[in-house]
Amino acid sequence: MIDEIQVRDVALIREASLAPSRGLTVLTGETGAGKTALVSAVKLLIGERADSSTVREGAKGAEVRGRLFPADPEADELVVVRKVSADGRSRATINGAMASVSELARAVGPLVELCGQHEYQALLKPAEHGRILDAWADLDAGVASEYRRALEEARTAGEALEALRAQASASNVQLEEARFILQQIEAVNPQGGEYEELHDWLARAEHAEVLARNSHGAADALSGDGGALDALNAAISLIDEAARADEGLAPFATSLRETCFVVEDVARDMAGYCDSIDFDGESLAAAQERMGALTGLMRSFGPTMEAVFERWDEAAALVGLVNDADDRIARAEAALAQAEEALGSAARAYNEAREEASPRLAAAVNEVLGRLEMGTASVVCTVSPLPRASWSAQGSASVAFAFKPGASMQPRPLARIASGGEISRVMLAVKVALGAKDGTETLIFDEVDAGVGGSTANALAAVLAELAESHQVITITHLAQVAVLADAHYAVTKTGDDAPETLLSPLEGEARVAEVARLLSGTTTETSLAHARELLG
């Protein structure tokens, strides 16, 4: 829902602010006052392209700022700013962050729909017709969801089969290379973690003499005759004797006794390490030869053992795939056939649900068209199954709305047969039929009342008011019947000097009475004012 729109230097507008209500907001004014300038501002907010003609003449740039609240109660509000310089360059932000025009269209476009004679019409886009029918018939959570799930599973199965076929048709060069890699690595048959263990073992074995000599020497220096332990014990005895005269020396003797425990442990460990060194020449030669074989694999297929194992797995997979390709492909073909069968069933159920719902939706829309006094004009909704190659997430059938201007006339696509006013009123009828199921909360109607008068004006006003119960509706109108039903009423006026400006003013009280009187008769006479007060209640 649009909470506020602030416009500065857009088209004829120097500065204006619109705070539409949740229900029906109307904008009225003299012909040529610039009411559609506000539509131009909204188009900037929803991500349409901008050029220098958007900027008010003489201004350095235009700015539109909008605050919107998505229908989802858990979604945050959106503060959108679009700036256009006089040379046509555009910048946009969403909640303070820079945004591209496409990001603006994705974030804001779905929240607001323009329904004017010359504006973009979702109703004229065939891809939207299926979405409208599904929303009206509540198909999205049922057969439509099942169809899309089955379509995704069939797509995945098809891709898996194609991948297998591509791998199975690997060139002779690839296959021979894989077999060579497999032969070279399997000849060595490396084991996980073997290289690291062998590396550590050789580091010790190749320095066995130094390790034995030094570990034995360290043990002897610590616990042998005249070693560190003898010296520590002698020092402890001397300190103990002195402590009998000065007790303050006793802690030093205690510290040295603790040190003796550490030294004894290290001496014992060194002696044990020395005894464990037992590397014979034959074992050393075998380990060195094995290390050479592993190093050779890393040079050829590495640079690390992890890379060697990856090449091994890849080669084995390719050779194995080619060796039993027929069996794997057969299983993949069976899986695809099963997925396609499930998809076919889901598509039939989806199409049947759409075919059942389409005449009911058309009837609901035509009921509203009847209330709008459009004579024998009607909307036809058709569902046509598509060939399998054309199935997509939008469905396995095309849904199309067509318009019959008269009962005896052939239905034609809306874009080819309907006038601008008819398009707007058909859009209005569709939106009323959708009600709260419509995904767009804010609708802006421009020229929906083109060519309308008399009793039809009363019917149009009633339908707009009904639509405003489920949507936020902003309408540019010249009908008093529509204006008097508004929850918020704005007057659009234009100054008459050399640099005309469009002004937007909220109307209440007697000012609103006067504007409704002008809509009724073109002037504000006592009769028109009295009639306006009567209509406003």
Side-chain angles (χ1 to χ4, degrees), residues 2 5 12-13 16-39 115-117 368-375 420-421 424-425 428-429 431-432 443-497 500-537:
I2 296 176
I5 299 176
L12 296 174
I13 301 175
S17 180
L18 174 67
S21 67
R22 179 172 291 274
L24 176 62
T25 297
V26 298
L27 288 81
T28 61
E30 297 279 1
T31 302
K35 296 184 291 295
T36 57
L38 183 66
V39 175
C115 310
Q117 182 173 350
V368 181
L369 291 179
R371 289 161 54 194
L372 292 173
E373 300 185 5
M374 290 185 66
S424 295
R425 287 190 282 279
L428 173 60
K431 293 297 184 180
V432 171
L443 305 173
I444 299 179
F445 286 94
D446 185 14
E447 300 186 1
V448 69
D449 55 7
V452 172
S455 61
T456 304
N458 293 325
L460 176 64
V463 171
L464 282 169
E466 180 181 341
L467 182 62
E469 295 176 2
S470 58
H471 293 73
Q472 181 188 50
V473 179
I474 301 172
T475 301
I476 297 172
T477 185
H478 68 274
L479 294 177
Q481 292 92 329
V482 174
V484 296
L485 296 180
D487 299 288
H489 189 164
Y490 286 80
V492 183
T493 56
K494 186 169 67 174
T495 60
D497 52 24
E501 294 181 6
T502 293
L503 305 177
L504 190 65
S505 308
L507 294 179
E508 294 179 349
E510 287 302 308
R512 187 180 182 193
V513 172
E515 177 63 7
V516 172
R518 185 195 65 78
L519 293 173
L520 287 169
S521 65
T523 60
T524 53
T525 64
E526 288 298 324
T527 301
S528 62
L529 289 170
H531 191 187
R533 290 190 181 94
E534 180 182 355
L535 289 176
L536 288 167

What closest approach, in Å, do [X] and [Y] show between heavy atoms, and which atom pair accounts for it?
{"X": "Q472", "Y": "S21", "result": "NE2-O, 3.0 Å"}
{"X": "L369", "Y": "A429", "result": "CD2-CB, 3.7 Å"}
{"X": "A480", "Y": "L520", "result": "CB-CD2, 3.6 Å"}
{"X": "A491", "Y": "L507", "result": "CB-CD1, 3.5 Å"}
{"X": "T456", "Y": "L372", "result": "CG2-O, 3.1 Å"}
{"X": "A517", "Y": "A532", "result": "N-CB, 3.7 Å"}

Backbone N or O of A19 within a donor-acceptor pair of the Y490 side chain at under 3.5 Å?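 At least one qualifying donor-acceptor pair exists.
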Any chance you could measure [X], atom [atom1], to [Y], atom [atom2], to the nearest 0.5 Å?
{"X": "L536", "Y": "R533", "atom1": "CG", "atom2": "CZ", "answer": "9.5 Å"}
{"X": "L24", "Y": "H471", "atom1": "CG", "atom2": "NE2", "answer": "13.0 Å"}
{"X": "S424", "Y": "L443", "atom1": "OG", "atom2": "CG", "answer": "11.5 Å"}
{"X": "R518", "Y": "T524", "atom1": "CZ", "atom2": "OG1", "answer": "10.0 Å"}
{"X": "T25", "Y": "I2", "atom1": "OG1", "atom2": "CD1", "answer": "9.5 Å"}
{"X": "R512", "Y": "E515", "atom1": "CZ", "atom2": "CD", "answer": "10.5 Å"}

Within the 4.5 Å heavy-atom criterion, are [X] and [Y] side-chain neighbours or not?
{"X": "L460", "Y": "L428", "result": "yes"}
{"X": "T28", "Y": "T477", "result": "yes"}
{"X": "L535", "Y": "Q481", "result": "no"}
{"X": "L27", "Y": "L504", "result": "yes"}
{"X": "V26", "Y": "L464", "result": "no"}
{"X": "V482", "Y": "F445", "result": "no"}

Give the C-alpha distance, both sets of side-chain angles, the deciding distance and a yes or no for side chain to side chain contact (heavy atoms under 4.5 Å, CB included) between R425 and V448. CA-CA 6 Å; R425 287 190 282 279; V448 69; 4.1 Å; yes
With a sphere of 6.0 Å drawn around CZ of R22, does it hold more than 12 non-hydrogen atoms of other residues, nucleotides or ligands?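 Check fails, neighbour count at 12 or below.
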